[in-house]
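Take a look at the structure set out below.
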Number of protein chains: 2
Amino acid sequence: MHSVSEENYIKTIYHLQEGKNLVSTNDIAGRMSTKASSVTDMLKKLAEKNLAEYIPYKGTRLTQNGINCATQIIRKHRLWEVFLVEKLNFSWDEVHEVAEQLEHIQSRKLIDEMDQLLGFPKYDPHGDPIPDAQGNYEKITKTAVSQLEKGQKGILTGVLDTSTRFLKYLDKHQIELGTPIELIEKESFDGTCHIKTDQKEIHISKTTADNLYLKKIS
Amino acid sequence: MHSVSEENYIKTIYHLQEGKNLVSTNDIAGRMSTKASSVTDMLKKLAEKNLAEYIPYKGTRLTQNGINCATQIIRKHRLWEVFLVEKLNFSWDEVHEVAEQLEHIQSRKLIDEMDQLLGFPKYDPHGDPIPDAQGNYEKITKTAVSQLEKGQKGILTGVLDTSTRFLKYLDKHQIELGTPIELIEKESFDGTCHIKTDQKEIHISKTTADNLYLKKIS
DNA sequence: AATAAATTTTAGTCTTGTCTAAAAAAATAA
DNA sequence: TTATTTTTTTAGACAAGACTAAAATTTATT
């Protein structure tokens, strides 16, 4: 259907266009570690194929067509991640790289059967929701730890950064999905957060606090 | 490591070089539905990478390096086929196309864990042996039904052609791995075989008889 | 508003893998 | 053994996708 490269661009645009009206060429290039000129070339092609609208010098956004394509790729990516963790003993920091490859395998039956084998999971190992066969999924309101007020609490429901380094860091501090987190204090000058989990109290950088998403609790 | 295209050439050469000393450019082109000139280009590249020996105008053969690479690809292909049939309800005629994609996924852990999940299977759904992590596998002596003498019997241990059309044809006649087959009569002029299974007696073409492999029994 | 800075696009090049057409080599036949 | 046919290679072209350098456009700044 679409090339691996096209699919990667579609996925990236989908993630970047959340909230925004148009996604800029540079943002795409930055996230994909490629050059702006390469992005321009691809945007023309995606527009040609009716997967994205492209307004030169302004930016791009996916068409409904492109959005459908993106959610199917995300569905595949996240189902494979569940499979790797549940069935093949991968840890949550090991799954991303392999899932990046597996998400491009083309077979409707494969992914629907996989869904069934896994018991139609709703979330992947990083807490992100898995679109169903129709592309629908629950959009959760994400509150970053860095946005909490002093004294507020929540339960970790997702992480933004899924790099191995970050996830291993969380593992080291016994922070995982479902971990309750309370903001004790926030340094105003550099955003460092003093938090308390069910295990211990630690100080985390603003970068880390930006990457931890909670469901707020009373 | 190697590109998908390189891997497909390596796999093809591996299959063609069984028994032969050198594999011809045309044979490779024929099996891959590509042109001889494309094959020549790739052979030069594989030789450059020390994956194959290439003697212009004479032919090619894989180096030990190339053979190791080939067996790993075959290991992956066959393990994925077992997974698809055992865990995802695929039938034996549906697995090939998807396994062709999955065999190129790069992750040592993925395939070793998969092997374990499946209980270290020895054969794939078409009766072909699965190489272990070191690349070793049992080479079974293949006797085609067409090579039997009148009255000889055997058990179906493999099929050469794994196309959907052929496998569905076998399904229709209730022929599967393990089915006992006896040669009743062979037409000398066109090779048509009159065979008896545990279910019934049928006549099969020479082409079909060439594609059914048996382990001979007394 | 005019200039400077940042962003984006264009033009041209490169690599991988494919193709066609023509040339070269090997195999076959007369 | 020479001629013919088949096989294989070379030469040149093309498409996809990426890159660099330069040009064009937009945004920011004075």
Side-chain angles (χ1 to χ4, degrees), chain A residues 1-17 20-62 66 69-70 73 100-101 103-106, chain B residues 1-17 20-62 66 69-70 73 100-101 103-106:
Chain A
M1 200 56 204
H2 308 121
S3 73
V4 168
S5 195
E6 284 167 353
E7 289 196 348
N8 283 330
Y9 276 97
I10 290 168
K11 197 176 49 150
T12 301
I13 298 168
Y14 183 83
H15 286 307
L16 289 173
Q17 79 181 6
K20 291 199 205 76
N21 182 33
L22 286 171
V23 179
S24 82
T25 301
N26 248 9
D27 281 0
I28 298 169
R31 205 171 211 260
M32 297 186 72
S33 304
T34 184
K35 296 295 144 87
S37 54
S38 310
V39 176
T40 302
D41 288 348
M42 183 56 87
L43 293 182
K44 286 178 189 165
K45 199 205 289 189
L46 294 179
E48 192 64 39
K49 291 194 174 190
N50 194 30
L51 290 161
E53 287 176 68
Y54 168 54
I55 308 164
Y57 290 106
K58 295 299 177 185
T60 190
R61 73 167 75 89
L62 295 179
C69 182
I73 299 166
E100 287 277 300
Q101 298 179 61
E103 72 189 1
H104 301 294
I105 302 291
Q106 304 288 354
Chain B
M1 201 55 202
H2 307 120
S3 73
V4 169
S5 195
E6 283 167 354
E7 290 198 346
N8 283 329
Y9 276 97
I10 290 167
K11 196 177 49 152
T12 301
I13 297 167
Y14 183 83
H15 283 125
L16 289 173
Q17 81 181 6
K20 291 198 205 77
N21 181 34
L22 287 171
V23 179
S24 82
T25 301
N26 248 9
D27 281 0
I28 298 169
R31 203 166 208 262
M32 298 186 71
S33 304
T34 184
K35 295 296 144 87
S37 55
S38 309
V39 175
T40 302
D41 288 347
M42 182 57 86
L43 292 182
K44 287 179 188 165
K45 200 204 289 186
L46 294 179
E48 192 65 38
K49 292 195 173 188
N50 194 30
L51 290 161
E53 286 175 68
Y54 168 54
I55 308 163
Y57 292 106
K58 295 299 178 185
T60 191
R61 73 166 76 88
L62 295 180
C69 181
I73 299 166
E100 287 278 299
Q101 297 180 62
E103 72 189 3
H104 301 294
I105 302 293
Q106 303 287 355

In terms of side-chain heavy atoms of [X], which of [options] is nearest?
{"X": "K58(B)", "options": "dT8(D), dC19(D), dA27(C)", "answer": "dA27(C)"}
{"X": "N26(A)", "options": "dC19(C), dT8(C), dT8(D)", "answer": "dT8(C)"}
{"X": "Y57(A)", "options": "dT25(D), dT8(D), dT20(D)", "answer": "dT25(D)"}
{"X": "S37(A)", "options": "dA21(D), dT8(D), dT26(D)", "answer": "dA21(D)"}
{"X": "P56(B)", "options": "dT9(D), dT18(C), dT10(C)", "answer": "dT9(D)"}

Check the distance between [N]'s [atom2] and [X]'s [atom1] and give it to me in whole angstrom.
{"X": "L22(A)", "N": "dT26(D)", "atom1": "CG", "atom2": "P", "answer": "14 Å"}
{"X": "K35(B)", "N": "dG12(D)", "atom1": "NZ", "atom2": "C1'", "answer": "17 Å"}
{"X": "L43(B)", "N": "dT8(D)", "atom1": "CG", "atom2": "C1'", "answer": "11 Å"}

Tell me what [X] touches on the nucleic acid: a base, only sugar-phosphate, or nothing, going by heavy atoms under 4.0 Å.
{"X": "S38(B)", "answer": "base"}
{"X": "T25(B)", "answer": "sugar-phosphate"}
{"X": "S5(A)", "answer": "sugar-phosphate"}

Review point. Going by atom types only, do H2(B) and E7(B) share a side-chain donor-acceptor pair under 3.5 Å?
Key: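 No, because no side-chain N or O of H2(B) sits under 3.5 Å from a partner of the opposite role on E7(B).
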
Review point. Taking all non-hydrogen atoms of both residues, which atom of L22(A) and which atom of G59(A) are closest, and how far apart?
Key: CD2-C, 4.1 Å

Practice item. For the pair K20(B) (side chain) and L16(B) (backbone), establish whether a donor and an acceptor sit closer than 3.5 Å, ignoring hydrogens and angles. Key: yes

**Study point:** K11(A)/E6(A) salt bridge by N-O under 4.0 Å criterion
**Key:** no

**Study point:** Phosphate OP1/OP2 of dA18(D) contacted by Y9(A) side-chain N/O (<4.0 Å)
**Key:** yes

